[in-house]
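Structure first, commentary second.
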Amino acid sequence: MSEAVTVRAIAPFATLDGAPLPGLERLEIRQPGAFEAACFVLEFAIGAVPGGAAWLAGLQGGVVTAGIGTGPALVVGQVDNVAIRFDLGAAILSGRDLAARLIDAEVDQTFSNLTASEVATGFAGEAGLAANVDATRTRIGQYYELAHAQTGLGLHSRHATRWDLLAALAVRERFSLSVTGTTLNFTAPPAGAPMLLTYGRDLMTLGCDRAVALASPKVTVRSWNPKSKAAFSSSAGSSGGTTLIRPNLTQGEAERVAAAAQAALAAQAVRLQASMPGETSMMPGTPILLQGTQTALDGAYVVRSVERVIGGRIGFLQHFEAMRAA
């Protein structure tokens, strides 16, 4: 590890329903991937919490806001679990960001006559969230007309929760989906230069796993289109073999699906795992450019997951996993 790579000593803070929570010794925030809620863990000294173990034993949840120093919050979320370790004098509050309000809400109606952006805006308001939503034009019902159908079921009948439905719509629109603070984001991915990370300067640890069987995986897509009464197929890649059955595609659509699936599979051939001093801009989907290994592993990656750990004894650390850019 280069001497230039240092960890900042910094203290975390937390509030519960707006009231300060003293005694916070450790904060962990995990962003496990695209279209998933961030998870948090707060570790406290029981003796520092007003009311101590008795208060914690009666805690019925609430909204946590947590961050570092005097800066902005890194996570706002609901408490899902309270753990008390009497033998260690410690208590742990854990939960999810406010995407939980949509994850826990079932889909109980159809939205065929609405656009994806209208659904996202409506869901945000009903969940008590602000809406950062890019406008879309296609009505949801049009996705499922015969010429473009991927399944015989309606969209609403295949997705049990509001979050599942929004994730499916985000894929259709090629949007990103997340909740930051108290805002639902349903937008086109932001354009920007990749984050440049140099081994020996920016990274404390670095490891790469290579799946040699995925170097050039072969993907075949087969489809029967009842409208044209014809079967279509397309293949991409050269080694191995994976076959996908997708109904109601045209030849051109089969080719695009095969190429996209092959690229996504090939991107998993190289997995990057690294740690670095903590910062707040990296998130799942962030493009990065790795250099400094002086090998073929240098190049473009996309962050898949991020974990941040803040504590008085360890400072502010960040671990992440990334895959080759497709």
Is the backbone N or O of [Y] less than 3.5 Å from a side-chain atom of [X], with the two atoms forming a donor-acceptor pair by type?
X: Ser117; Y: Ala135; result: no
X: Asn225; Y: Leu249; result: yes
X: Glu173; Y: Val171; result: no
X: Glu321; Y: Leu272; result: no
X: Asp17; Y: Gly62; result: no

Inset, instruction - Run the numbers on Arg30 and Glu28 for salt bridge (Lys or Arg N to Asp or Glu O under 4.0 Å), then give the verdict. - result: CA-CA 7 Å; Arg30 291 185 292 108; Glu28 298 180 15; 5.5 Å; no
Of the non-hydrogen atoms in [X] and [Y], which two are nearest, and what is the gap between them?
X: Ser233; Y: Gln251; result: O-NE2, 3.0 Å
X: Leu16; Y: Val79; result: CD1-CG2, 4.1 Å
X: Leu27; Y: Pro12; result: CB-CB, 4.0 Å
X: Ile103; Y: Ala37; result: CD1-CB, 3.7 Å
X: Asp80; Y: Gln78; result: OD1-NE2, 2.9 Å
X: Leu203; Y: Met276; result: CD2-CB, 4.1 Å

Approximate separation, where rounding is to 0.5 Å, of [X] [atom1] and [Y] [atom2]:
X: Ser281; Y: Gln318; atom1: OG; atom2: CD; value: 7.5 Å
X: Leu93; Y: Phe40; atom1: CG; atom2: CZ; value: 7.5 Å
X: Ile92; Y: Leu56; atom1: CD1; atom2: CG; value: 11.5 Å
X: Leu290; Y: Thr198; atom1: CG; atom2: OG1; value: 8.0 Å
X: Asn248; Y: Phe232; atom1: CG; atom2: CZ; value: 11.0 Å
X: Met283; Y: Gln31; atom1: CE; atom2: CD; value: 6.5 Å

Inset, instruction - In sequence, state the C-alpha distance, the side-chain angles, and the governing distance for Val75 and Arg308, and then conclude on side-chain contact (heavy atoms from CB on, under 4.5 Å). - result: CA-CA 11 Å; Val75 66; Arg308 294 180 171 91; over 6 Å; no
Can you find a heavy atom in the side chain of [X] that is under 4.5 Å from one in the side chain of [Y]?
X: Leu184; Y: Trp163; answer: yes
X: Glu126; Y: Arg101; answer: no
X: Met204; Y: Leu317; answer: yes
X: Glu118; Y: Ile140; answer: no
X: Phe320; Y: Thr286; answer: no
X: Val107; Y: Arg162; answer: yes
X: Ser94; Y: Cys39; answer: no
X: Arg96; Y: Asp104; answer: yes

Same cluster or not: [X] versus [Y], using hydrophobic residues (I, L, V, M, F, W, Y) connected whenever any side-chain heavy atoms lie under 4.5 Å apart?
X: Phe175; Y: Val302; answer: no
X: Val64; Y: Trp55; answer: yes
X: Val82; Y: Ile46; answer: yes
X: Val63; Y: Val179; answer: yes
X: Leu42; Y: Phe13; answer: no

Legend entry - Aromatic ring proximity, centroids under 6.0 angstrom, Phe111 and Phe123: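 Centroid distance Phe123-Phe111: below 6.0 Å, so yes.
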Inset, instruction - Go through the steps for Tyr301 and Val270 under the test side-chain contact (heavy atoms from CB on, under 4.5 Å), then give the verdict. - result: CA-CA 9 Å; Tyr301 292 81; Val270 180; 3.6 Å; yes
Inset, instruction - Just do the side-chain hydrogen bond (donor to acceptor under 3.5 Å, both in side chains) check on Thr295 and Thr293 with the steps written out, would you? - result: CA-CA 5 Å; Thr295 71; Thr293 71; 2.8 Å; yes
Inset, instruction - For Thr205 and Ser275, run side-chain hydrogen bond (donor to acceptor under 3.5 Å, both in side chains): C-alpha distance rounded to whole Å, both residues' side-chain angles, the deciding distance at 0.1 Å, then the answer. - result: CA-CA 5 Å; Thr205 64; Ser275 61; 2.5 Å; yes
Legend entry - Between Thr187 and Asp134, a side-chain donor and acceptor under 3.5 Å: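 On atom types as modelled, these side chains do not qualify, holding no pair under 3.5 Å.
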Inset, instruction - Return yes if a side-chain donor-acceptor contact under 3.5 Å exists between Asn185 and Thr180, otherwise no. - result: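 Looking only at side-chain atoms, Thr180 and Asn185 do form a donor-acceptor pair, the distance falling under 3.5 Å.
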